**Student:** 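First the structure, then my questions, so here it is.
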Amino acid sequence: MNPFRFIHAADLHLGSPFKGLADAPEHVRRGLAEAEYAALRRLTDAALELGADFVVIAGDLFDSADRSLRAQAALHRSWSRLAAAGVQVFAIHGNHDPLGAERARFDLPEGVHIFGAGGSAEHRPACRRDGKPAAFVYGISYDRRAVTDNLVPRYRPAAGADFHIALLHANVDGDPDHDAYAPCRLGELTAAGFQYWALGHVHRRRVLHEYPHVVYPGNMQGRHPGETGAKGCWLVDVDVSGGVSLTFLPQDGVRWLACHVPIEGVADEESLLDLAERKAAEAASSAEGRPVMLEVVLEGRGPLHRLLEARGADELLAALRDRLADRAGGDAGPGGTAGGGGNDGFGDSPGGGGVFAGGSDGSAGRGWVWVHRLTVRTAPELDLDRLAEEDSFAGEAVRLARRLAADPEGREALLREALEPMTRNARLRRLIESGGLARGDDLLRRAAARLAGMLEQGD
Amino acid sequence: MKIRSATIDGFGRLSGVTLDFDADAVILEGPNEAGKSTVLGFVRAMLYGFATRANMPERQEPVYGGRHGGRLTIVSERLGELVLERYANAAGGKPVLRGRRGDAPETLEQRELERLLLGGLTGKAYRQLFAVGLSELRDLGAVQGEELGRFLYHAGMADGRRLAEAEKSIRDAMDKLYKPRGSALPVNTRLAELERIERELRALPDPIGRYNETTAALEQTEAELREVEARLPELARSRDDAARALKLREKWLRLRELDARRAALPDPGRLPADAGTKWRMWTAERDRLERERLRLDAALREARSERERLTAREDLLALEPGLERMLQSAEAMRALERSCAEWRAERRHEEERLDALLASAGPDWTAERLRGFAAGVAERDRIRAFRAALGEAEREAARCAEAERQIAGQEREALAESAAAEAAAAAESGAGGEDDPFVPRTAEALTGAWERFEDACRAWEMEVMRVQGELSARSSRAAGRRADAGGAVGGVAAALVSALGAAGFAAAYAGAHAAGLDGALAWATGAVGAGLAALAAPALARRGFGRGRADGPQAGEALAAARRVAAYGQRATEALGALLRRPQEAAEPFAPPAHGAPPAHGALPGEAQLAAAAAVRGRLQRAVQARLDALRERGLAAERALERARRLERIRALRAERRAALDAAAARLEALRAEWQSWLEALGLPGGLSPEAALETLDRLEMAAGHLAAIARLDARLTEAAARLREHRAAVRELCAAEEAAARLADDDPSAALERLRAAIRREAETAAAAAALDARMKELERELRETDALLAGHAETARAWFAAAGAEDEPAYERLLAEAREARELDEERIRIGVELAAGLTDEDRARMEALLERHDEAALRNLAERTEEAYRAAEDERARLLEQRGRLSETLARLLAEDVRRPLLDEREAILARLADDAERFAELAVTLALIRRTRETFERERQPAVLRRASAYAAALTNGRYRRIAAPFGRSTIELESAEDGRVVDAAFLSRGAAEQIYLAIRLALADEVETDEPLPMLLDDLFVNFDDARLDAAAGLLGRIVRERRRQLIFLTCHDHTAERLAQRMPFAKRIRLGSP
């Protein structure tokens, strides 16, 4: 067979808003607004520069719910560039951009193929840039938002190619963080006779299986505080003997990160700020020069807990932001400091470009670190275990919370009772139902710690 | 914990009371108002603080004096014996504890105290459970619902207050976040904002729909545009053709007319192409030549008539050379006349000078006399000799007078000096007689007396020194021999020396002081002072030696020595007597005998006396020296007076000589002056002139003679000039005779006449020159006229040759031929021009189309056609513009749609708000869960705790009611207390019990709760007359139960009662109880 190379991406989610932008200054907002487009540009550049023969995209190209024309135009531009260079594109639509949704009328360039929704998975020959055949690509698009059928049985490899690539937008083995669309089992996939399952839908990058390869590339750009770490696509090389090697290409324009700051042994706010600043800098230095949306999580037990509990984290957050702004060169302002100039404060970071060395595209490549959130997960300096032994109200409360932790039904009943006032508002109810809050056991654990803290105060 | 004793300094009606509670049970009896409840209040106040002033009845400020407060002595199982002290006015009413660290008082916070001693029990709980009166007991019946649970299970719990605080703070926090019906709270606000954003989002146009619509519209527009643009060129051509035909029609018609006219004209034939031009040039040349000829003719005629008018006078011209000469001599004559005037003026001047000089020389001098006077060098010489002789004689007389005057001055001076010297010598010899203290009157005698005195003095001093040396050597030897008595001898010697010293010092001091004064009087005073001071010394010495003599033989030797010394002193005093007139005043230092004191006493002069003597001697020496100097000075003054007298004599002799010389000089001068007077008169000059004045007069006469000579010279010159002038005037008259005007002037003003003549001659010369010029011009004009005639003839010949060639007979015929040829050429040119204009920019095909249009349409038809085609074209243009504009607009819309993302900011904002909402909601949820956890825990707590408390209470109730009720229940979630009867198992609501029974039940519950809440050690319990409603049996049961509690639970009970039977009963059941009576002796 002919060796070839392709790019596997998914979940571009072009045009979808970012979460957690409260308080963000203009340059951060702008950077974020550009991030997903920057990611798309990088993908296109990478395909062209690295000599990919074709590109496959496994659904959720954009958020049609948000009806962003710009997103569609950007995708069209990207595909036009690829097509002009003779790089084929194969794509399917997912739950966020099902075929049925109204779409702006852009003519698909020659060499771009979107798979349909009906019947069995159709297939298309993918060729190398020199025109030699490379593989067959299969795919089924979503025709509506929620596809709850298992689509795998509709994929059958056709005769006539040495390598078969299947595009599928699905939740394999029921990932609890994602909607269970097109549910299927890994076993079904490995048994279906394809060499490469190019999956989409789950935003975490994962290789579920090798030979046959079952792979999620994850999304291209983190979109909320939960999507931390590098995001991008796979560069897949298939050699003469059908050997597959995967290389991850980070494509994100802005990186979401979380850093954990333990408060054990931290005596005062100033020291805490110092520590948080150092941790933030460490986190930022791991971002490969990208702008960083950082969540700082204060955790552990320490003397500062009570202060944090009483005063809240707002002032601390403001102070930390100030420090990081100072550190980034005083007047990072809109646009921040460009490239290597902005890394003074982080001079110990590896690589000549420094933490804030921007990408080549320049739009989202301006270095900045924005602490979008300071989460306080500290606990009082209490020995809950000891407390649980105690014959006191607090002890009783801790014991009750622990009992409920092992008793989902009792816990749910307590939560229902507690959150009753919120459920009276439809939107809050939806928020609770959609899992917008922390999980029940987490809430309960925090409540018990808080109560214990309040009752033990002053001793 | 137990209360050992209570000391009440001042609380309510009690003051200065100490109650001994040192027992497990105490029965405090007393009638009403004895202060039992005050004791209860006091214990509460000690443990939990004073009530505020807002609650005066409980605050119980002292009524009968004493400091508000007191102390409790307490025994704790953990901490041992302690004293708790509290005063309202000390430490802010805070408790002060002693006994934990020795006797050092510790001021505690109330909560510390509660934690330390009271098992964390709050004041409220204590009052409800441990310091119980009837009112507190009945409180239980009044509480309701959830309150009951809280009361039952939390009244005494350490967590209770904190739990309430925690609940409250959580509720507060929740209320600040969200309320289902709230509006200004964060969560509610965000919900409202979300509504707004979603409304706005819905209101925004759908970009994708608009994009698709716009794209379709753009395609449509472009199709239409293409169609219109395809039609435009044909329309433009038709319009252009019609418009051009209309525009060219005029020219096209003219071309046709020209063609017709050209056909009618003959061919220009034999005429060359440039014939017209040549002919025009020929006629122009001919005209020019003829005009020239006419001009020359006129000029010649004019010159001739002019020449005839001009003639000149030859006779005047011939006079010109003579005139020139005369003009030159006239100039010389005018100079001569000017000179004559000057000479006359000079002569007048000379005469004036002459008169002035003569007047100054003397009154009777005239010119004639001057001419006769001659005074030469000899006279002058004579005058100068007189002048020298006179000057010499005058100077001699003056010198003699000066010498005489000088010598007179010297004589006066010498006389004065001589008198002064005499006076000085007299004064010197007279001075100092009385003041002189010395006996010798001359210098030699004085010197000799002084030397003798000095020798005597030295001898005395030597003796004194020697005696003293011996004396001291002996006394030291004596000291060596008798060491025990040595001090006495030493003392004697010392006393002697010191006595002498003292006297000597006094003398020296007085002397030195007196020596500071000047002159002989001061000296005398000093000498007397020194003497007086020295007198004291021997007296002192005597006293010292008085003792010394009694002690040993040394005194005798000393006396002998003193006598020797006195002898020397005597000698010195005698020498002094020879020297001084009043020697005794100076001699005292040397000799006590001088004053008659007995020498037998043997006083020795001491060192002080020696010093005084030396001082007196020194002073005498200086006085002697001064006296010697004065004596020498007197001798010198006498010598000077003698010298002055001799000098005066010499000066007087010299003066007599000089006066004789002066008289001789005056006589010589007088003789010389008489001789001079006589010589002057002989010469004829006034006699009083001095030699200088005489010389001056001679000078002036000499100068006057000079002026006389000058006047004679000027007279000669004037005469000669007058002759020459006369001669010249005659010559002029002769010359001017030919010209009339000049002749008239010749006599009066020869120069003007000559000028006039010269002007006349110049006019004639000019006339002659003008005539010569006219002759030359006439010759030139005649020559030019001849040349012009020749040119005209040649020109006519050329024209005749052209006529012959063209076949024309004469000039008019030739000109006609030329005019026809020109018209034909002009027609041809216009035809060609119009043809070019018609064909400009057109292809052959166009031209053919145009020709056809012009042939077919008249003007009106063409105009109509042009309008129609123009209109059609413009309509198509407008359509195209509209479409282009529309296309632009649509493209722009598309670009904008692609570029802008109107929904994005709103979406971002929505996400931002959602993020905050989620944060707030999560916080709210956490709080809500906490609250639910509290609620649930409380339920559990109550459910699990209640049985324990109630079981115990049931047991107590059974005991209290003698088994009448066997169980107390407080069903969870209900606000009632129920009792189960032991007899029939009936359940009774406590609200329906009799007062006594209810109180027994409440007491049972209290006791059970008190047991429940205690964490470490039992607290003392005060029960204030709880048993008033108990019957005997129940009272007995209660006493029994309480006695058991004291024993079994180690709880100290303090009963307060006003009922004797109660006290009796309690004492009966609790024999170990201590009974205290309050309020009576």
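By convention in this document, chain letters (A, B, ...) are assigned in the order of the sequence lines, proteins followed by strands, and residues within each chain are numbered from 1. Note that the coordinates shown come from a computational prediction; the quantities given were computed from them, not determined experimentally.
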**Student:** Roughly how far apart are B/Glu926 CD and A/Leu451 CG, rounded to 0.5 Å?
**Tutor:**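 Nearest 0.5 Å value for the CD-CG distance: 11.0 Å.
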**Student:** What part of B/Arg210 lies closer than 4.5 angstrom to a heavy atom of chain A: side chain, backbone, both or neither?
**Tutor:**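 B/Arg210 has no heavy atom closer than 4.5 Å to chain A.
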**Student:** With a 4.5 angstrom heavy-atom cut-off, which part of B/Ala216 approaches chain A: side chain, backbone, both or neither?
**Tutor:**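 Both backbone and side chain.
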**Student:** Quick one: of B/Val187, B/Leu917, B/Leu194, who has the most non-hydrogen atom pairs under 4.5 Å with chain A?
**Tutor:**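 Max contact count across the listed options: B/Leu194.
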**Student:** If I compare all heavy atoms of B/Tyr178 with all of A/Met422, which pair ends up nearest, and what's the gap?
**Tutor:**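 What the structure gives for the nearest pair is CE2-CA, 3.9 Å.
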**Student:** Chain A heavy atoms under 4.5 Å from B/Glu198: which part of the residue, side chain, backbone, both or neither?
**Tutor:**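 Only the side chain of B/Glu198 comes within 4.5 Å of chain A.
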**Student:** Quick check: closest heavy atoms across B/Leu933 and A/Leu414, and the distance to 0.1 Å?
**Tutor:**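 Answer, listing the atom of B/Leu933 first, then A/Leu414: N-CD1, 4.3 Å.
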**Student:** Please rank B/Ile170, B/Leu931, B/Ile934 by heavy-atom pairs under 4.5 Å with chain A and give me the top one.
**Tutor:**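 Looking at each option in turn, the highest pair count goes to B/Ile934.
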**Student:** Less than 4.5 Å apart, any side-chain heavy atom of B/Asp919 and any of A/Arg373?
**Tutor:**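 Contact flag for B/Asp919/A/Arg373 side chains = yes.
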**Student:** If you take all heavy atoms of A/Leu444 and B/Val929, which pair is closest and at what distance?
**Tutor:**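 Looking at all heavy atoms of both residues, the closest pair is CD1-CG1, 3.8 Å.
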**Student:** Out of A/Leu419, A/Thr375, A/Leu415, A/Leu428, which one racks up the most heavy-atom pairs below 4.5 Å with chain B?
**Tutor:**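 Most heavy-atom pairs under 4.5 Å with chain B: A/Leu428.
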**Student:** Nearest 0.5 Å, please: how far is CZ in B/Arg936 from CZ in A/Arg403?
**Tutor:**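 Answer rounded to 0.5 Å: 10.0 Å.
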**Student:** Could you tell me whether the side chain of B/Leu927 reaches within less than 4.5 Å of the side chain of A/Arg450, counting heavy atoms only?
**Tutor:**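 The answer is yes; the side chains approach within 4.5 Å.
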**Student:** At a heavy-atom distance under 4.5 Å, which candidate from A/Pro421, A/Ala448, A/Ala401, A/Ala73 has the highest pair count against chain B?
**Tutor:**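 Most heavy-atom pairs within the cutoff with chain B belong to A/Pro421.
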